[in-house]
Peer 1: 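Before we start, here is the structure in question, set down as structure tokens.
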2 protein chains.
Amino acid sequence: MSSRRSPGQRAGLTRPLVLATARELLAKDGLPALTMRSLAQRLEVSPNALYSHIESKTTLIDDVLDDVLAEVDVPDVAVTPPAVGLQALMASTYGVLLAHPDLVPLYLARQGARGPNAQHLGDVVLALLARADVDGPHAREALHVLIVYTIGFAAFTTRAAETLTDGPGSQSQELADNFDSGLCWLLNGIITPR
Amino acid sequence: MSSRRSPGQRAGLTRPLVLATARELLAKDGLPALTMRSLAQRLEVSPNALYSHIESKTTLIDDVLDDVLAEVDVPDVAVTPPAVGLQALMASTYGVLLAHPDLVPLYLARQGARGPNAQHLGDVVLALLARADVDGPHAREALHVLIVYTIGFAAFTTRAAETLTDGPGSQSQELADNFDSGLCWLLNGIITPR
DNA sequence: ACCTGAACACCGTTCAAGT
DNA sequence: ACCTGAACACCGTTCAAGT
């Protein structure tokens, strides 16, 4: 309510801090609880102070989504066989999504992320596809199918985890196996259509 | 602004009319443009009048999403071979989704609809799966995979339609074919895992 | 039962200050 | 450059009327 600072004083706010706090709030209370005002309150700052560090609420969320993708393990394009690399990359992405269940609906709505990390992951997928002689529009199509499949499956899994509320173990492992098999079918269809 | 009616007079509002107008607004200007207030204005009514016909904005959207599913062609469970019926049902659903591109992101976010039409479609899928000796948790899992796949693919297709902006013909047909092949792979994996 | 008027408790964002 | 105060133009929803 009543601020301890007068107009001139700094609050020590920083862009990474804002993003991290937004992530924290998202993980703790979900999307509806993340408002500019709640975020500002958590940082003990007035709402409009955030606009010195981010452009808008939309770009804030976009940036959070892209940030998380930095956790994905990227295979070495040069030495990894395409099919193996694609399987590993998508499986790692799937794992990262499962580690952030609260964000999955957001990825779904935006059909992926848009920032530099997402861009890089997309480039790696395209490079692996190219090494399997898949390129052009066909490759971009395959990329989008893989993205939708992975996010869609993660949405399914996290939702199942909510409803079943079982101890993390057998059932989650089973679902991950299902992800792998479905992914394998898709990759077969993508890589060997000729 | 200034209403033509005094408190006691009726506006001829009706639940189906409210839902239809919401759909209209959604199709014309998208989700952000659909507010209780814009909807009320279009119906020439004050915002709170809507609450005599709907419970909340959330249930309004849920109902709109379920309504659209009435357009899906449902195969006769008794006489249609399971694999054929599932392929036909999901393909019809896919077609309906493509006919309402503005709603696809909403289905994505909610991972399907929740009302009576969605319930019925789900029951039909489960009945077809049962006739293929798939039941129990495995069947519910398969149902969710099919839902996510179909909505996910529709999201991909509508988005591709936006970016490419090609005349509706060759390319759209190609995408529909891709949907069918992917669906076929999935059904193979679901129906013959033993 | 169905509608209006007025209000409540919020939003995201902008603009003019202050240091 | 970074922050505050105040305000703007919105939201969804509720509550007390009126007929």
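The chains referred to below are lettered A, B, ... by the order of the sequence lines, with proteins before strands, and numbering in each begins at 1. Quick caveat, the model's predicted, so the values are computed rather than measured.
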Peer 1: Compute whether any side-chain donor of one residue and acceptor of the other, for Gln9(B) and Ser6(B), lie under 3.5 angstrom apart.
Peer 2: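 Gln9(B) vs Ser6(B): donor-acceptor pair found between side chains.
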Peer 1: Using a cut-off of less than 4.0 Å, is there contact between a side-chain N or O of Ser52(B) and OP1 or OP2 of dC2(C)?
Peer 2: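 No.
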Peer 1: So what's the dot-bracket for DNA chain D: Watson-Crick or G-U pairs under 3.5 Å, [ ] if a pair crosses, | if it pairs off-strand?
Peer 2: ||.|||||...|||||.||
Peer 1: Looking at Thr14(B) and Leu17(B), would you say the former's side chain and the latter's main chain have a donor-acceptor pair under 3.5 Å?
Peer 2: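 Between the backbone of Leu17(B) and the side chain of Thr14(B) there is no qualifying donor-acceptor contact (under 3.5 Å).
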Peer 1: Look at all strands and tell whether Ala49(B) reaches a base, only sugar-phosphate, or nothing, counting heavy atoms closer than 4.0 Å.
Peer 2: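 Base, at least one base atom sits under 4.0 Å.
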Peer 1: Fit a plane to each ring of Tyr94(B) and Phe153(B), take the angle between them on a 0 to 90° scale, and name the class: parallel (under 30°), tilted (30 to 60°) or perpendicular (over 60°).
Peer 2: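 If you compare the ring of Tyr94(B) with that of Phe153(B), the planes turn out perpendicular.
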Peer 1: Would you say Leu129(B) and Asp135(B) make side-chain contact, with heavy atoms under 4.5 Å?
Peer 2: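 They are not in contact (no side-chain heavy atoms under 4.5 Å apart), so the answer is no.
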Peer 1: In whole Å, what is the span from the CZ atom of Arg5(A) to the P atom of dA1(D)?
Peer 2: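 So the CZ-P distance, Arg5(A) to dA1(D), works out to 20 Å.
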Peer 1: How long is the gap from CG on Leu186(A) to CD1 on Ile191(A), to the nearest 0.5 Å?
Peer 2: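 Result: 11.0 Å between the selected atoms.
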Peer 1: Would you say dA1(D) has OP1 or OP2 under 4.0 Å from some side-chain N or O of His53(A)?
Peer 2: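 So the side-chain polar atoms of His53(A) never come under 4.0 Å of the phosphate oxygens OP1 or OP2 of dA1(D).
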Peer 1: Nearest-Å distance, CD1 (Ile54(A)) to P (dC3(D))?
Peer 2: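 Answer to the nearest Å: 12 Å.
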Peer 1: At their closest point, which heavy atom of Val45(B) faces which heavy atom of Ala11(B), and how far apart are they?
Peer 2: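 Heavy-atom minimum between the residues: CG2-CB, 3.6 Å.
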Peer 1: Going by heavy atoms closer than 4.0 Å, what residues in residues 12-26 of chain B are next to DNA chain C?
Peer 2: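 Result for residues 12-26 of chain B: Gly12(B), Leu13(B), sorted by number.
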Peer 1: Could you run through nucleotides 12-19 of chain D and give me one letter per nucleotide, 5' to 3': B if any protein heavy atom sits under 4.0 Å from the base, S if only the sugar-phosphate is that close, - if neither?
Peer 2: BBBB--BS
Peer 1: What is the distance, to the nearest angstrom, from the CG atom on Leu43(B) to the P atom on dC2(C)?
Peer 2: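 One finds 15 Å between P of dC2(C) and CG of Leu43(B), rounded.
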Peer 1: Got a salt bridge between Arg5(A) and Glu44(A), using NZ or NE/NH1/NH2 to carboxylate O under 4.0 Å?
Peer 2: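 Here Arg5(A) does not pair with Glu44(A) in a salt bridge, since their nearest N and O are not under 4.0 Å apart.
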Peer 1: Please report, to 0.1 Å, the donor-acceptor pairs under 3.5 Å made by any side chain of residues 101-110 of chain B, with sequence neighbours excluded.
Peer 2:
unit_1    : atom_1 : unit_2   : atom_2 : d
Tyr107(B) : OH     : Leu65(B) : O      : 2.5
Arg110(B) : NH1    : Asp62(B) : OD1    : 2.7

Peer 1: Could you go through residues 70-83 of chain A and list every donor-acceptor pair under 3.5 Å that involves a side-chain atom there, pairing it with any protein atom two or more places apart or in another chain?
Peer 2:
unit_1   : atom_1 : unit_2    : atom_2 : d
Glu71(A) : OE1    : His100(A) : NE2    : 3.1
Glu71(A) : OE2    : Arg23(A)  : NH2    : 3.1
Glu71(A) : OE2    : His100(A) : NE2    : 3.3
Asp76(A) : OD1    : Ala78(A)  : N      : 3.0
Thr80(A) : OG1    : Asp76(A)  : O      : 2.6

Peer 1: Who pairs with Ser92(A) by side-chain hydrogen bond (donor to acceptor under 3.5 Å, both in side chains), at least two apart in sequence or on another chain?
Peer 2: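 Ser92(A) satisfies side-chain hydrogen bond (donor to acceptor under 3.5 Å, both in side chains) with no residue once adjacent residues are dropped.
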Peer 1: Do Tyr51(B) and Met36(B) have side chains that get closer than 4.5 Å, going by heavy atoms?
Peer 2: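 The answer is yes, as the side chains (C-beta and beyond) meet within the 4.5 Å cut-off.
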